[in-house]
Trainee: 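Here it is, the structure in full.
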Amino acid sequence: MHRRILTPGVLAAASLLLAIPASAASYSPGAPGIGDPYYPYYGNGGYDVSHYDLRLQYQPATDELAGTATILARTTQDLSSFDLDFLLDVSEVRVNGTQAAFTTSGQHELVITPKSPLAKGTPITVVVRYSGVPSTKSAYGFNTWHRTPDGAVAADEPEAAWWWYPSNDHPLDKATYDVSVAVPDGTQVISNGLLQSTSSKLGWTRYNWRQNKPQATYLTTLAVGKFDITTSTSEGGVPVVNAYSKDLGDNDGAARASVERTGELVDWLSGYFGPYPFASAGGYVPNTTTGYALETQTRVYYSPKQFANGANTSVVVHELAHQWYGDDVSLKGWKDIWINEGFARYAQWLWSEHEGEGTTQELADYVYASHPADDAFWTVKPGDPGPDDQFDIAVYDRGALAVQALRNAVGDDAFFAILKGWPKEHAYGNASVGDFEEYAEKVSGKSLGALFDAWLFEPAKPAAAAFKAAATVTPVQPKSWKKIEATNYVH
């Protein structure tokens, strides 16, 4: 799940453009990457998507997927051609109703050349007809399409969309979604948002899901299989949709005992983070062999392995915290992963305190003392960990230490105002670690540059001033630690 891709060279292309007459040179290809140094080929330049409409048909028995993606976007430069991130086989592309030429490039680029160049600011409707067997496709040596005994699941980070729909695959380009999938009668489809309708015809049932708030591509999920689906409404009024594969075996009870508390936990987290930002909440547990969980927007993905040792509400808290920190406010670049993982981990610490199993300070003292100064743990910089360490445990645990250090520095009143105000400040948008530091300084009235440098950017163990107990005694392991530690491989 941790991808490394070499940076593409662009000097030759730039030199060629200099030789083109000015009248023609104003129209140029969109970049094959959005500009993220961690993943240079992820996302694309030259346009911004507002909505994806996916109308698909999937046959679980053969893993055959076919359908049409209609993408609504607007150009952000004068475009001669543009890319989509995609792996399946394309039969036709239309741009604003007219057939367009297309080819593939690199490992996962679909290059589209419209019949006429597109001026900057032009609304475009891109229609892509495609088909294929997702489990046979790979890029950079991996595949994120997970087959199950009765279907398949698309859920992975930082990428999963390429295997089932064409997209501008980077969190910077969020959009709304309509996901409509036909499957054989008796099989069900789970996706993000709310189920709008179902219909059956000639042995097939079509499920129509809608996500009406902006959503990053990696947070889009698709699950096909045979599920037991539960619906409820939280005390705070949030509709909850959960789904469990019917063949979870011994993990079934523990999964339900955890995920069925989603409504309660959404309401509890709202007390810290502000009103729940989406039209529904929930999760699903398919019969997969993966070991992680993922904060797919409004419909969290949980591996059955998360519940192999019994119920664990801590993992549910972690993934639901992401609905504010990561989904509502998404990162600007993948280097900003601390805003996702540091705060989701800290939410687990808050839950530990709520449950009487260890306060946030006790957990911070324990983590701080558990890693001596020469531990490689301290060489990972949560504020910019690099692609190789993007999901290192230090991003989570040292990241949560940074949150506790902030709390200790600004005091509880300012801290909890920051915690709740941040999702409102950047609702449905994107933000960076630098943006968060600026916001925290504004709310607290304190200069926080040295604190952020020490806890997020210096490859060394910070001084113990924030954790005096840890400096003088070896803290007792908090009761919640094993449950929190069991979630070390979630996202």
Side-chain angles (χ1 to χ4, degrees), residues 1 3 42-43 49 52-69 71 84-89 108 110 128 130-140 142-171 174-175 177-183 187-193 195 207-211 215-227 241 243 245 282-304 319 322 327 490-491:
M1 288 176 292
R3 321 297 182 205
Y42 286 28
V49 178
Y52 293 93
D53 183 275
L54 310 177
R55 190 169 180 85
L56 312 174
Q57 180 169 302
Y58 179 70
Q59 173 54 263
T62 57
D63 196 38
E64 292 176 280
L65 179 70
T68 302
I71 302 169
L84 291 169
D85 301 302
F86 196 45
L87 289 175
L88 297 187
D89 304 319
H108 74 280
L110 174 65
V128 182
Y130 59 93
S131 62
V133 179
S135 59
T136 66
K137 302 294 185 179
S138 65
Y140 312 103
F142 62 83
N143 181 306
T144 69
W145 181 261
H146 309 295
R147 292 298 307 277
T148 62
D150 54 10
V153 170
D156 217 324
E157 183 182 10
E159 70 293 286
W162 314 342
W163 282 263
W164 65 289
Y165 72 98
S167 68
N168 193 16
D169 191 26
H170 191 276
K174 298 164 76 169
Y177 285 78
D178 281 307
V179 176
S180 175
V181 186
V183 292
T187 300
Q188 295 143 301
V189 175
I190 305 297
S191 192
N192 311 82
L195 183 64
Y207 292 79
N208 300 297
W209 290 88
R210 172 166 291 174
Q211 173 57 268
Q215 177 173 279
T217 43
Y218 85 95
L219 298 172
T220 310
T221 194
L222 177 69
V224 177
K226 295 181 179 180
F227 297 99
V241 180
S245 283
Y284 70 98
V285 189
N287 188 9
T288 61
T289 58
T290 62
Y292 60 93
L294 180 64
E295 64 270 20
T296 38
Q297 192 163 306
T298 69
R299 194 96 331 101
V300 174
Y301 165 81
Y302 299 99
S303 163
E319 301 306 335
H322 276 311
D327 295 9
V490 303
H491 286 295

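For the numbers below, each heavy atom of this structure counts, side chains included, while hydrogens, waters and symmetry mates do not. Only a predicted model underlies this, so the values are computations on that prediction, with no experimental measurement involved.
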Trainee: Are Tyr165 and Tyr130 close enough that their ring centers fall under 6.0 Å?
Mentor: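 For Tyr165 and Tyr130, the ring centres are not under 6.0 Å apart.
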Trainee: Do we see a donor-acceptor contact under 3.5 Å between the side chains of Tyr302 and Glu319?
Mentor: no
Trainee: Do Pro304 and Thr288 touch side chain to side chain, with heavy atoms closer than 4.5 Å?
Mentor: yes
Trainee: Is it true that a side-chain atom of Thr290 and a backbone atom of Ser303 form a donor plus acceptor pair closer than 3.5 Å?
Mentor: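 Not confirmed, Thr290 side chain does not pair with Ser303 backbone.
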Trainee: Using only atom types and a distance under 3.5 Å, with no angle test, would you say the side chain of Lys174 pairs donor to acceptor with the backbone of Asp327?
Mentor: yes
Trainee: When you measure from the side chain of Arg299 to the backbone of Thr220, do you find a donor-acceptor pair of N or O atoms at a distance under 3.5 Å?
Mentor: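 Checking the backbone N and O of Thr220 against the side chain of Arg299, no donor-acceptor pair under 3.5 Å is found.
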Trainee: Roughly how far, to the nearest 0.5 Å, is CH2 of Trp162 from OH of Tyr42?
Mentor: 3.5 Å
Trainee: Can you give me the closest heavy-atom contact between Gln188 and Val183, atom names plus distance?
Mentor: N-CG2, 4.3 Å
Trainee: For the pair Lys137 and Asp89, find out whether any cationic side-chain nitrogen is under 4.0 Å from an anionic carboxylate oxygen.
Mentor: yes
Trainee: May I ask you to test the Gln297-Tyr218 pair for a side-chain heavy-atom distance under 4.5 Å?
Mentor: no
Trainee: Consider side chain to side chain contact (heavy atoms under 4.5 Å, CB included). Of Val300, Thr298, Thr296, Ile190, which one does Thr221 pass it with?
Mentor: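 Option passing the side chain to side chain contact (heavy atoms under 4.5 Å, CB included) with Thr221: Thr296.
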Trainee: Please name the pair of heavy atoms, one in Leu87 and one in Trp163, separated by the smallest distance, quoted to 0.1 Å.
Mentor: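 Between these two residues, the closest heavy atoms are CD1-CE2, 3.4 Å.
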Trainee: Has the side chain of Asp169 got a donor or acceptor atom that lies under 3.5 Å from a matching backbone atom of Phe86?
Mentor: no
Trainee: Any heavy-atom pair between the side chains of Tyr301 and Asp156 that's under 4.5 Å?
Mentor: no
Trainee: Hey, does the side chain of Arg55 reach the backbone of Gly67 with a donor-acceptor pair shorter than 3.5 angstrom?
Mentor: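 Checked: no pair found.
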Trainee: Is it true that a side-chain atom of Asp63 and a backbone atom of Ser135 form a donor plus acceptor pair closer than 3.5 Å?
Mentor: yes
Trainee: Do Trp209 and Leu54 come close enough that some side-chain heavy atom pair is under 4.5 Å?
Mentor: no
Trainee: Take the angle between the ring planes of Phe227 and Tyr284 and call it parallel below 30°, perpendicular above 60°, tilted in between.
Mentor: perpendicular
Trainee: Can you say whether the rings of Tyr177 and Tyr52 are parallel (under 30°), tilted (30 to 60°) or perpendicular (over 60°)?
Mentor: parallel
Trainee: Do Leu65 and Tyr58 make a side-chain contact, defined as non-hydrogen atoms from C-beta onward lying under 4.5 Å apart?
Mentor: yes
Trainee: Side-chain contact, heavy-atom cut-off 4.5 Å: Ile71 with Pro166?
Mentor: yes
Trainee: Within the 4.5 Å heavy-atom criterion, are Phe142 and Thr144 side-chain neighbours or not?
Mentor: yes
Trainee: Distance-only, no hydrogens or angles: does the Asp85 side chain make a donor-acceptor pair with backbone N or O of Gly43 under 3.5 Å?
Mentor: yes
